[in-house]
Visitor: 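First the structure, which I've put down as structure tokens, then a few questions once you've had a look.
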Protein chains: 2
Amino acid sequence: MIRLSRLADYGVVLMTHIAGDAERPCAAHAVAAATRIPEPTVSKVLKALSRHGLLESHRGVNGGYTLARAPSEISVTEIIAAVDGPIAMTECLDADGGACSLETFCPTRGSWLKINNAIRQALDEISLADMIAPTLLFPPPAAPGERRRLIS
Amino acid sequence: MIRLSRLADYGVVLMTHIAGDAERPCAAHAVAAATRIPEPTVSKVLKALSRHGLLESHRGVNGGYTLARAPSEISVTEIIAAVDGPIAMTECLDADGGACSLETFCPTRGSWLKINNAIRQALDEISLADMIAPTLLFPPPAAPGERRRLIS
DNA sequence: GCGAATGAGGACCGCTACAGTCCTGTATGT
DNA sequence: ACATACAGGACTGTAGCGGTCCTCATTCGC
Ligand code: FES
Ligand code: FES
């Protein structure tokens, strides 16, 4: 029902991997090998991440990427936004100039803001550190055949 | 950063419209005219909604659609799910059979569940009634030039 | 009973946006 | 100098989405 682009997902996975690899710069191809994500794509995502100040890049031999901040200081929201760009949910007010013809008359707009705030808040509260850490908070792994719907 | 499909958005708008029109059946073309959404599309969305038991349809002359339940008993989640179908955010476990090769090894999976729960909960708490009602809870209308990002 | 209105349920199709690839610089360390 | 690795594009194929249309089933008014 709600879709997060795959690239954004990659972003999070890559960030967690780099976060787990201490301070040593991780080269793109190394991360690609570790995560099994095609290398050019990894490179692309990593570049986006670094362009938005979430990663620091080091060129040259033995170069690579390191986290720009502590894991606890990086929220999932930032990662997603860096990769996907700021795309609004409803596209009513997407770029500039109301694309939506109903604009002020539509009774749902105010409510969408409320919803978006709720979601953003939920996402903001989750830091990269939370992503690495305790899987213990969650129910035991699903049975093999079980099919988990992330969002109903 | 997170996208809700346009059809799903339409679904919510249409539902609120019908909810506002009391118990009299609303024909598809009437709703289309009122909402300025192209008629065939309205028809499509409405059909999906009724197929999932959120609307009741009445055929024949003076037929149309009415809410199947009270507005307060219909959550936004249901509407979106009815139109978009249950699509998970990360597609790691999208349909059946893990499409994601990392499956159990990926440290982020547990956390995604947490995130999804948070989002689902936020959405579940909002009923159709909430969508119609008080826009008063929210800050005053934005200044003309202001550009609101729904989700950063 | 007949015909108009209205929904049901598909088939169909163009297009955008996403995912993925590649190429040509530029910087850095050995 | 050279190998390594990032930077920043351009480019492309494709799936899914948004939108349209057509044919049947049902119900009501006349
Ligand atoms: S649908 Fe665009 S403002 Fe409501
Ligand atoms: S990326 Fe698929 S389970 Fe983590």
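Numbered from 1 within each chain, the chains take letters A, B, ... in sequence-line order.
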Visitor: Answer yes or no: does a side-chain N or O of A:Y10 lie under 4.0 Å from OP1 or OP2 of C:dG20?
Guide: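 Indeed, a polar side-chain atom of A:Y10 lies that close.
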Visitor: Mark yes or no for whether A:T77, through its side chain, and A:D124, through its backbone, hold a donor-acceptor pair below 3.5 Å.
Guide: yes
Visitor: Heavy atoms, side chains only, cut-off 4.5 Å: are A:Y10 and A:T41 in contact?
Guide: yes
Visitor: When you measure from every atom of DNA chain D, which of residues 44-57 of chain A have a heavy atom less than 4.0 Å away?
Guide: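 Here the set is A:K47, A:S50, A:R51, A:S57.
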Visitor: Is any side-chain heavy atom of B:L67 less than 4.5 Å from a side-chain heavy atom of B:E56?
Guide: no
Visitor: Between C:dA19 atom C1' and A:L4 atom CG, what is the distance in whole Å?
Guide: 14 Å
Visitor: Output one line per pair: protein atom, nucleotide atom from nucleotides 27-30 of chain C, and distance, for all N/O pairs under 3.5 Å.
Guide:
unit_1: C:dA27; atom_1: O4'; unit_2: A:R59; atom_2: NH1; d: 2.7

Visitor: For A:L14 and A:T35: C-alpha separation, side-chain torsions, deciding distance, then whether side chain to side chain contact (heavy atoms under 4.5 Å, CB included) applies.
Guide: CA-CA 8 Å; A:L14 295 176; A:T35 57; 3.9 Å; yes
Visitor: Taking only Lys NZ, Arg NE, NH1 and NH2, and the carboxylate oxygens of Asp or Glu, determine whether A:E78 and A:R69 approach each other closer than 4.0 Å.
Guide: yes
Visitor: To the nearest Å, give me how far apart CG (A:L14) and P (C:dA19) are.
Guide: 13 Å
Visitor: Under 4.0 Å between a side-chain N or O of B:S43 and OP1 or OP2 of C:dA8?
Guide: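 Result: no.
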Visitor: In this structure, how many angstroms lie between the C1' atom of C:dT21 and the NE2 atom of A:H29, rounded?
Guide: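 Nearest whole value for this atom pair: 18 Å.
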Visitor: Got B:L55 and B:T66 here, is their nearest side-chain heavy-atom distance under 4.5 Å?
Guide: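 No, every pair of side-chain atoms sits at 4.5 Å or beyond.
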Visitor: Kindly indicate, with the supporting measurements, whether the criterion side chain to side chain contact (heavy atoms under 4.5 Å, CB included) is fulfilled by A:M15 and A:Y65.
Guide: CA-CA 10 Å; A:M15 287 293 280; A:Y65 296 92; over 6 Å; no
Visitor: When you measure from the side chain of B:D84 to the backbone N and O of B:A81, does any donor-acceptor pair fall under 3.5 Å?
Guide: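 No, because the side chain of B:D84 does not come within donor-acceptor range (under 3.5 Å) of the backbone of B:A81.
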Visitor: Where the side chain of B:Y65 is concerned, which of D:dT20, C:dA8, D:dG18 is the nearest nucleotide?
Guide: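 It is C:dA8.
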Visitor: How many Å lie between CZ on A:R24 and P on D:dA5, as a whole number?
Guide: 12 Å
